[in-house]
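Beneath this line is the structure, given in structure tokens, with notes to follow.
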Amino acid sequence: MNQTKTFLEFVSKDIIHKWGNDLSRVAVVFPNKRAALFMNEHLARYARKPMWSPAYITISDLFRRHSDMQVGDSIKLICDLHKSFVKCTGLNESLDHFYGWGQLLLTDFDDIDKNMADADRIFCNLKDIHELDDISYLDDEQRKMLKRFFANFSDDHESELKRRFLSLWSHFSDIYNDYNKRLQEQGLGYEGAIYREVATKDNIEFKYDRYIFVGFNLLQQVEQKLFARLKKMGKANFYWDFDEYYMPRHKTTSATDAGHYISMYLEHFPNELDTRSKEIYANMRQPKHISYISAATENIQARYVSQWLRNDNRYKDGRHTAVVMCDENILLPVMHSLPNEADKVNITSGFPLSMTPVASLISLLFDLYTTGAMQHSRRYRTQYVDKVLAHPYAQYIADCIPLSPMGKIDNITLLQQIGTLIKHVGVKAKDESDALFQESIFRMYTIINRLEQLAASDDMDVDVTTLRRLTKQLITTTTIPFHGEPVVGIQIMGVLETRNLDFNHVLLLSCNEGNMPKSVNDSSFIPYSIRKAHGLTTIDNKVAIYSYYFHRLLQRAQDVTIVYNNTTDNGHTGEMSRFMLQLMVDGTHNIKHLNLLAQNVPTTMCSKAIVKDEKIQQELDQMKNISPSAINVYIRCPLAFFYEYVARIKEPDCEDDTVDNRMFGNIFHKAAQFIYEDVTSRHATVEKTQLQKYLKDEKMLETVVDRAFNEELFKLSASEAANKKRATEYNGLQIINRKVIIEYLQQLLKIDQRLAPFTVLGLEKQVYNDIVFNTEDGAQRKVKIGGIIDRLDMVTDPTTGKPTIRVVDYKTGSPIKSVIKSIDEVFEGNSYKHSDYYLQTFLYSLIINNSSKLNPSKYNVSPALLFIKQASANNYDPVLCIDEHKVTDIGIYKTEYLKLLKEKLGEIFSKQKPFVPTNDKRTCEMCAFRMICGI
């Protein structure tokens with residue numbers, strides 16, 4: 001395919017023809033930086049001998065170089081705007097609340113200045129419309145626009161919404177003037193203010209003899225004024241890039257409004273399109289191969305890049321081939337989809353700082369230093385510390401993180417601490433060869449350091465929540481440029497980077513309505529009608545400029561493929577761009593319509609069994625102890641047993657001050673232990689009067705519960721809690737849980753009061769026993785099995801009148817809904833019948849039954865589950881039943897229980913028996929390892 005001559009080649013050739021090889025006193029001005037690299041190469045080729053290159057500057061540089069003011073950073077500008085707002089309105093609006101719509105107001109001010117509008121006229125008091133009598137400076141169309149807007153205020157203009165709008169509007173002029181004065185005193189300005197100052201400045205000394213403006217399109221008033229001034233001085237030349245085909249049609253086709261704007265500019269500068277320059281626009285209507293492709297997802301589009309580049313060897317055309325992203329969020333999948341053959345690639349879009357590891361580290365550090373600091377003790381919540389230590393950069397800062405919070409932390413201290421840690425990462429990893437790593441650390445440190453300076457100078461007085469939001473906003477808008485040779489290789493870029501550049505092969509991705517043109521945010525304090533009347537930027541301008549970008553990109557390309565997302569979910573409209581539709585209606589080009597199919601075959605995710613290889617068997621051989629809980633996990637799902645007890649994968653902990661079900665039970669058990677330790681401190685027998693003492697004095701219960709909270713939740717010992725010399729502070733959910741635990745303890749005391757007198761033999765007592773069994777492959781094993789009994793007591797059996805030992809397990813959860821019919825069901829893992837409770841309590845009861853130390857008199861032993869929620873009935877008995885028969889003597893079930901228990905242990909430790917997933921999907925729904933299984 002023949003290479004089409006590009007716009008910059010025509011311009012370069014014309015510049016050499018007009019001004020020769022000495023361009024040392026010439027400045028070439030572009031809308032952006034990238035075009036300069038390409039033009040420099042073209043100039044060198046057309047000069048054919050050594051030459052003095054011109055200076056290349058952007059339009060932004062041109063304005064800034066001729067102003068004594070500097071552009072303030074975004075946060076500083078909003079902070080100063082807030083000060084002017086408070087001063088002029090008298091409203092005590094916090095910066096936190098102001099920040100969002102302060103950005104909106106600053107955008108309006110910027111637009112006013114760039115279009116050189118009269119802010120006082122725009123922000124005149126709408127309640128007094130007579131102030132608008134003198135509108136001689138407006139043309140007929142502008143007058144009609146204003147009258148249309150003011151008609152909305154003629155009736156009921158004192159309604160609350162209008163009243164508040166007009167009240168705020170009446171201050172905008174004062175805010176605008178005070179704000180600009182405030183910034184000027186600091187030598188600062190926002191971009192529009194600096195542009196306006198330069199455009200109206202009388203005594204500017206322009207450094208270069210000639211300024212050549214290349215590839216501009218929608219000119220704002222400040223630009224037009226500066227251009228006209230330089231032209232009048234004989235210092236300016238202009239090269240416009242447009243397609244003559246679209247020019248006559250601007251009156252009827254909205255997509256070509258950009259052509260209308262350019263024709264207006266040519267009216268301002270009629271002599272700048274001479275005969276030689278017109279050569280640029282010849283032969284624009286060459287035949288094109290255009291394909292429209294619909295795709296179901298953004299990722300499918302990204303994956304198609306590889307196929308597109310390989311087709312017809314497009315990748316071999318290097319810089320004449322461009323992949324243009326209308327939605328730059330697909331940059332990463334596009335990068336990962338590049339074929340190996342494309343060894344030279346230039347990416348103009350920067351890598352998002354928000355997608356680098358240092359961004360996630362910043363988020364974790366904010367969490368650690370704010371929500372991660374516990375109120376009740378000088379330590380950080382465990383899960384927040386663990387998340388920081390699990391970060392890949394933790395290796396550089398693990399020894400630098402403070403071990404305890406510094407009390408209430410202010411913004412300056414917070415930013416200093418985070419900045420210090422980021423600096424540590426950069427210093428300790430200075431030998432890291434990854435350029436992206438080093439650049440991301442540097443840019444992040446710059447952001448944090450700048451925020452710290454603003455906080456220290458009182459320019460930024462916000463709470464931590466807003467500070468975090470501002471930090472995230474800055475990180476989100478920061479990119480890391482890719483280093484390389486821009487004029488070599490396939491070009492991957494966003495739409496704005498295509499300005500002034502031409503390609504033979506163009507792949508336009510995500511060309512949907514909403515991306516092309518961009519969804520235009522028309523939010524403004526200045527209504528559309530007033531914007532239109534005063535010549536400010538409107539949505540029409542923004543749509544027109546995207547129309548220009550689209551058609552200009554396609555005008556010299558011979559091979560064009562445009563892909564759009566045809567789905568209507570995840571925020572996508574499923575509509576192709578209006579510009580694509582207009583090309584179809586135009587009928588000039590033959591357009592192919594194709595579809596991209598994912599061809600994904602739906603697969604049912606299922607867990608895979610884990611075979612016991614040598615390494616797993618070694619882990620099992622080292623397992624000398626096993627708990628009833630572990631056996632219950634195996635019964636429910638052998639694969640879950642492997643994850644938790646062999647692979648030792650732990651469930652993530654809840655927040656340290658969160659009372660989940662496990663923590664709730666722990667606090668209740670601890671409080672019950674404190675009560676009965678107190679009651680039995682002198683004698684093991686519990687009398688009714690002792691329990692009545694707690695029931696009558698709720699303060700006693702509250703003290704016990706506070707102590708349990710301190711030890712279990714806040715990790716404070718009794719002495720540490722006493723040294724605090726103040727009451728324990730609870731949040732809302734903790735207060736509710738505390739109240740429920742007190743009520744549960746009262747219920748327990750009432751139950752035991754009906755049972756008293758009885759004897760407490762042990763509280764939170766550890767019991768273990770050795771069990772010898774044979775594995776399924778014939779090997780003999782021995783493990784120690786047991787756990788902790790909540791309460792071991794002795795009562796009198798009401799039927800026989802004989803003493804009976806009870807193994808009592810407190811349960812604060814849901815009660816048993818159906819009784820166990822046989823011992824076999826205990827080992828079937830029926831969660832509905834709470835068979836896991838039976839297995840554990842029966843085991844403890846058998847250990848006590850056989851213990852000469854704990855049961856020397858060989859009393860009958862009964863397993864009991866005391867469900868607090870259902871224990872209010874007078875006839876409530878916590879002793880477990882088998883087929884509705886109370887287990888008053890566990891010895892009756894000893895042989896059958898131990899036989900089944902040993903069989904289950906034989907399965908667990910068998911070499912041939914794999915860890916298989918359960919077939920019960922209800923078990924999977926509640927399993928912590930379901931994501932590992934892919935369910």
Side-chain angles (χ1 to χ4, degrees), residues 243 245-246 249-250 252-259 287-309 311 314 321-331 333-334 337 349 492-498 503 505-522 539-599:
D243 189 340
Y245 171 75
Y246 295 108
R249 307 171 71 240
H250 67 265
T252 57
T253 306
S254 62
T256 57
D257 283 347
K288 300 179 186 296
H289 302 286
I290 300 178
S291 298
Y292 286 2
I293 301 180
S294 62
T297 68
E298 299 296 293
N299 280 336
I300 292 175
Q301 297 185 56
R303 293 203 300 271
Y304 176 66
V305 170
S306 177
Q307 178 183 335
W308 183 82
L309 287 172
N311 288 349
R314 290 184 176 102
T321 299
V323 177
V324 181
M325 302 167 292
C326 298
D327 178 5
E328 295 187 31
N329 290 321
I330 65 171
L331 172 63
V334 166
S337 300
S349 300
I492 298 177
M493 53 182 54
V495 174
L496 296 181
E497 282 78 33
T498 65
F503 308 95
H505 311 284
V506 173
L507 173 61
L508 200 58
L509 298 175
S510 301
C511 193
N512 282 74
E513 190 68 17
N515 291 335
M516 176 63 78
K518 282 285 185 193
S519 292
V520 179
N521 181 6
D522 208 31
I539 188 173
D540 306 326
N541 306 125
K542 297 173 183 176
V543 170
I545 196 63
Y546 269 93
S547 172
Y548 173 76
Y549 293 153
F550 178 84
H551 291 99
R552 204 216 66 80
L553 176 63
L554 270 55
Q555 67 177 328
R556 296 182 184 87
Q558 302 172 40
D559 168 31
V560 178
T561 304
I562 305 177
V563 190
Y564 69 98
N565 190 327
N566 63 2
T567 56
T568 56
D569 58 355
N570 296 325
H572 296 288
T573 63
E575 298 179 70
M576 64 171 65
S577 167
R578 68 186 73 176
F579 307 143
M580 295 171 65
L581 291 171
Q582 286 163 346
L583 276 183
M584 292 167 58
V585 172
D586 175 72
T588 304
H589 303 287
N590 292 323
I591 300 174
K592 293 182 181 179
H593 294 264
L594 306 169
N595 293 304
L596 274 179
L597 299 178
Q599 296 183 344

Is there a donor-acceptor contact under 3.5 Å from the side chain of [X] to the main chain of [Y]?
X	Y	answer
S291	K592	no
K518	D327	no
D586	T588	yes
T498	L553	no
N512	Y564	no

Nearest heavy-atom pair of [X] and [Y]: which atoms, and what distance?
X	Y	result
C326	V495	CA-CG2, 3.9 Å
E328	G494	OE2-CA, 3.4 Å
N566	A296	OD1-CA, 3.5 Å
R552	R556	NH1-NH1, 3.6 Å
N515	S510	ND2-O, 3.1 Å
L554	K288	O-NZ, 2.7 Å

Inset, instruction - Begin from the C-alpha positions of Y304 and T561 and carry the test side-chain contact (heavy atoms from CB on, under 4.5 Å) through to its verdict. - result: CA-CA 11 Å; Y304 176 66; T561 304; 4.3 Å; yes
Do [X] and [Y] have side chains that get closer than 4.5 Å, going by heavy atoms?
X	Y	result
Q582	F550	no
V560	L508	no
N329	E298	no
V323	L509	yes

Legend entry - Candidate pair C511 and Y292, rule side-chain contact (heavy atoms from CB on, under 4.5 Å), full reasoning: CA-CA 10 Å; C511 193; Y292 286 2; over 6 Å; no
Legend entry - Listed partners of A302 passing side chain to side chain contact (heavy atoms under 4.5 Å, CB included), at least two apart: P333, V334, S337
Inset, instruction - Could you tell me how the ring of W308 sits relative to the ring of H505: parallel (under 30°), tilted (30 to 60°) or perpendicular (over 60°)? - result: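 Rings of W308 and H505: perpendicular, over 60°.
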Legend entry - Atom pair CD/CG of Q301 and L596 - distance to nearest 0.5 Å: 7.5 Å
Inset, instruction - Please round to the nearest 0.5 Å and tell me the distance separating atom NE2 of H593 and atom CE of M584. - result: 4.0 Å
Inset, instruction - For atom CG of N590, decide whether the heavy atoms of other residues, nucleotides or ligands shown that lie under 6.0 angstrom number more than 12. - result: no
